[in-house]
**Q** 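The structure is given below, and queries will be raised subsequently.
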Amino acid sequence: MTAASVSAAQAARLAPAARPPKATRKGQRTDEAFREAARLVFARDGYLNAKISDIAAAAGRSVASFYNYYDTKADLLIALAEEFHSEATQLAVLPYRAGLAREEALREAVAGFWRTYAERRGEMIGIFQAAMIEGRFRDRWLELRGEAVTRIAAEIRAAQSDGYCPGVDPVLTASALSAMLEHFCYIWLGQGGEKGIALDSGRALDALATIWVKAVYWRDEGQEGSVPPADL
C-alpha cells in the first residue's frame with residue numbers, strides 16, 4: 001500500500017468543519033484518547049452497536065468533547081482507517097527497501113499486514129462492518145484499497161516482466177489477493193477463526209503468505225526456463 005494522501009478537495013470534503021486545532025498537546029491527547037477508546041468499543045461491541053456515548057465514556061471524556069473532534073463515529077473510523085493504512089504501507093515497503101528477494105519480500109509484506117491487523121483488530125472490525133452500510137466511509141476505504149491494489153498490481157507486472165504469472169490480469173489479481181488478505185484476517189483475527197479450528201498464528205500466516213507467493217511467482221510449465229514449483 002502506498003502512503004495515504006488526500007487532495008485539498010478531498011480533505012475539505014472529509015474533514016469536519018470549524019474544528020478547533022489539535023496541535024496542542026492537550027488536543028492531541030484528547031484525540032488519541034478517543035481513537036484508543038473507539039478501538040476498544042469497536043472490538044467489544046462491533047461498529048454497528050457502538051455508541052458515541054460509549055466511546056466518550058471509554059475515553060474519559062464528555063460527548064460534547066467528542067463533537068469537537070468528529071461529527072460522527074464514521075468520521076472517527078475514517079481517521080483510524082487512514083492511520084492503519086499508513087502503518088501497513090510502511091511495513092509493506094520495508095522488505096523491498098531492505099533488498100530481500102522478491103518472493104521473500106512479498107512474504108514479509110503479507111506478514112506486516114497480518115501483524116498490523118492483529119494490533120488494530122478493533123478498528124478493522126469497524127472498517128469491515130462500516131464498509132457495508134456507511135456510504136461515505138465505504139468511498140474513502142475504497143480509495144485506500146485502490147492505492148493498495150495499484151501497488152500490488154505493479155509488483156505483479158514486475159514479476160511478469162521476468163516471465164512469472166503469464167497472462168493474468170494484474171489489477172484483477174491484485175484485487176482478489178487484497179480481498180482474500182483482508183477477509184482472511186477478519187475471520188481469524190477479528191472473529192476468532194473457523195468454527196472448531198484452533199488458531200495457530202504461525203501456520204495461518206504461512207498459509208496466507210504461501211498463497212500470495214504462489215499466485216504471483218509461478219511459470220507456465222511449457223515455458224522455456226520455467227522454475228519447478230518446489231523452487232518457488
Side-chain angles (χ1 to χ4, degrees), residues 1-6 80-121 123-124 127-128 131 140-190 193-194 199-232:
M1 300 179 181
T2 56
S5 60
V6 184
L80 292 175
E82 291 175 341
E83 195 175 289
F84 167 83
H85 178 63
S86 178
E87 182 176 335
T89 295
Q90 292 174 25
L91 291 176
V93 301
L94 282 177
Y96 295 92
R97 292 177 178 173
L100 297 179
R102 287 199 309 215
E103 294 93 327
E104 186 60 28
L106 183 53
R107 279 185 169 273
E108 288 299 316
V110 172
F113 186 95
W114 172 275
R115 289 192 293 267
T116 305
Y117 197 110
E119 292 170 359
R120 295 177 174 271
R121 184 177 67 91
E123 62 228 67
M124 297 311 295
I127 286 168
F128 183 86
R140 181 61 184 135
W141 181 242
L142 287 176
E143 289 174 1
L144 298 177
R145 285 198 79 253
E147 294 174 6
V149 168
T150 297
R151 182 184 59 78
I152 298 165
E155 176 64 22
I156 292 171
R157 291 190 184 97
Q160 287 179 323
S161 70
D162 288 337
Y164 292 100
C165 57
V168 306
D169 185 297
V171 174
L172 292 179
T173 302
S175 176
L177 288 171
S178 181
M180 180 197 69
L181 175 62
E182 292 171 15
H183 197 67
F184 186 87
C185 287
Y186 177 75
I187 292 294
W188 285 97
L189 298 174
E194 303 287 356
L199 171 62
D200 182 323
S201 293
R203 291 181 63 190
L205 180 54
D206 181 65
L208 185 62
T210 296
I211 290 170
W212 266 65
V213 170
K214 290 187 178 295
V216 177
Y217 292 103
W218 59 272
R219 297 180 189 267
D220 190 323
E221 290 183 359
Q223 182 179 346
E224 184 178 352
S226 63
V227 179
D231 291 339
L232 292 180

**Q** Are the side chains of Y217 and L106 in touch, meaning some heavy atoms are under 4.5 Å apart?
**A**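 Yes, their side chains come closer than 4.5 Å.
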**Q** So do H183 and F128 actually touch side chain to side chain, heavy atoms under 4.5 Å?
**A** yes
**Q** To the nearest 0.5 angstrom, please state how far the CG atom of L208 sits from the OG atom of S201.
**A**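 Separation between the atoms: 11.5 Å.
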**Q** Verify, without hydrogens or angle tests, whether S175 (side chain) and V171 (backbone) share a donor-acceptor contact under 3.5 angstrom.
**A**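 Here the side-chain-to-backbone pair does not exist.
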**Q** Is S161 reaching over with its side chain to a backbone N or O of A158, donor-acceptor style, under 3.5 angstrom?
**A**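 Pair found, side chain donor or acceptor close to backbone of A158.
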**Q** Could you tell me which non-hydrogen atom of E194 sits nearest to which non-hydrogen atom of I187, and how far apart they are?
**A**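 Heavy-atom minimum between the residues: OE2-CG2, 3.8 Å.
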**Q** To the nearest 0.5 angstrom, please state how far the CG atom of L172 sits from the CG atom of L177.
**A**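 Between L172 CG and L177 CG, I get 11.0 Å after rounding to 0.5 Å.
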**Q** Once rounded to the nearest 0.5 Å, what's the spacing between atom CZ of R140 and atom NE2 of H85?
**A**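 Rounded to the nearest 0.5 Å, the CZ-NE2 separation comes out at 7.5 Å.
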**Q** Within a strict 4.5 Å, meaning less than it, do heavy atoms of the V216 and R102 side chains meet?
**A**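 No, side chains not in contact.
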**Q** For residues E182 and Y117, determine if any side-chain heavy atom of one lies less than 4.5 Å from a side-chain heavy atom of the other.
**A** no
**Q** Quick one: closest heavy-atom pair of A153 and A174, and the distance?
**A**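 Shortest heavy-atom contact: N-CB, 3.6 Å.
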**Q** Is the backbone of V168 close enough, under 3.5 Å, to the side chain of Q160 for a donor and an acceptor to pair up by distance?
**A**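 Present.
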**Q** With side chains defined as the heavy atoms from C-beta onward, is the minimum distance between R115 and L91 less than 4.5 Å?
**A**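 Of all side-chain heavy-atom pairs linking L91 with R115, none is under 4.5 Å.
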**Q** Once rounded to the nearest 0.5 Å, what's the spacing between atom SG of C165 and atom CG of D220?
**A** 11.5 Å
**Q** Has T210 got a side-chain atom pairing as donor or acceptor with D206's backbone, closer than 3.5 angstrom?
**A**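 It does hold such a pair.
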**Q** Tell me, please, which residues at least two apart from R120 pass salt bridge (Lys or Arg N to Asp or Glu O under 4.0 Å).
**A**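 Only E83, E87, E123 meet the salt bridge (Lys or Arg N to Asp or Glu O under 4.0 Å) criterion with R120.
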**Q** Between the side chain of T150 and the main-chain N/O of G146, is any donor-acceptor distance below 3.5 Å?
**A**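 Yes.
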**Q** Parallel, tilted or perpendicular: which describes the rings of W114 and F184, with under 30° parallel and over 60° perpendicular?
**A**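 W114 vs F184 ring planes: tilted.
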**Q** What is the ring orientation for W141 with F84, classed by angle as parallel under 30°, tilted 30 to 60°, or perpendicular over 60°?
**A**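 Because their plane-to-plane angle lies in the 30° to 60° range, the rings of W141 and F84 count as tilted.
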**Q** Are V110 and R107 side-chain neighbours, meaning at least one heavy-atom pair lies under 4.5 Å?
**A**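 Side-chain contact under 4.5 Å: no.
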**Q** Do you know the tightest heavy-atom contact between P95 and E108?
**A**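 Shortest heavy-atom contact: CG-CB, 3.4 Å.
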**Q** Enter the distance from F113:CZ to M124:CE here, rounded to the nearest 0.5 Å.
**A**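 CE of M124 is found 5.0 Å from CZ of F113.
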**Q** So, taking the atom named CD1 in I152 and the one named CD in E155, what distance separates them when rounded to the nearest 0.5 Å?
**A**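 It is 9.5 Å, given to the nearest 0.5 Å.
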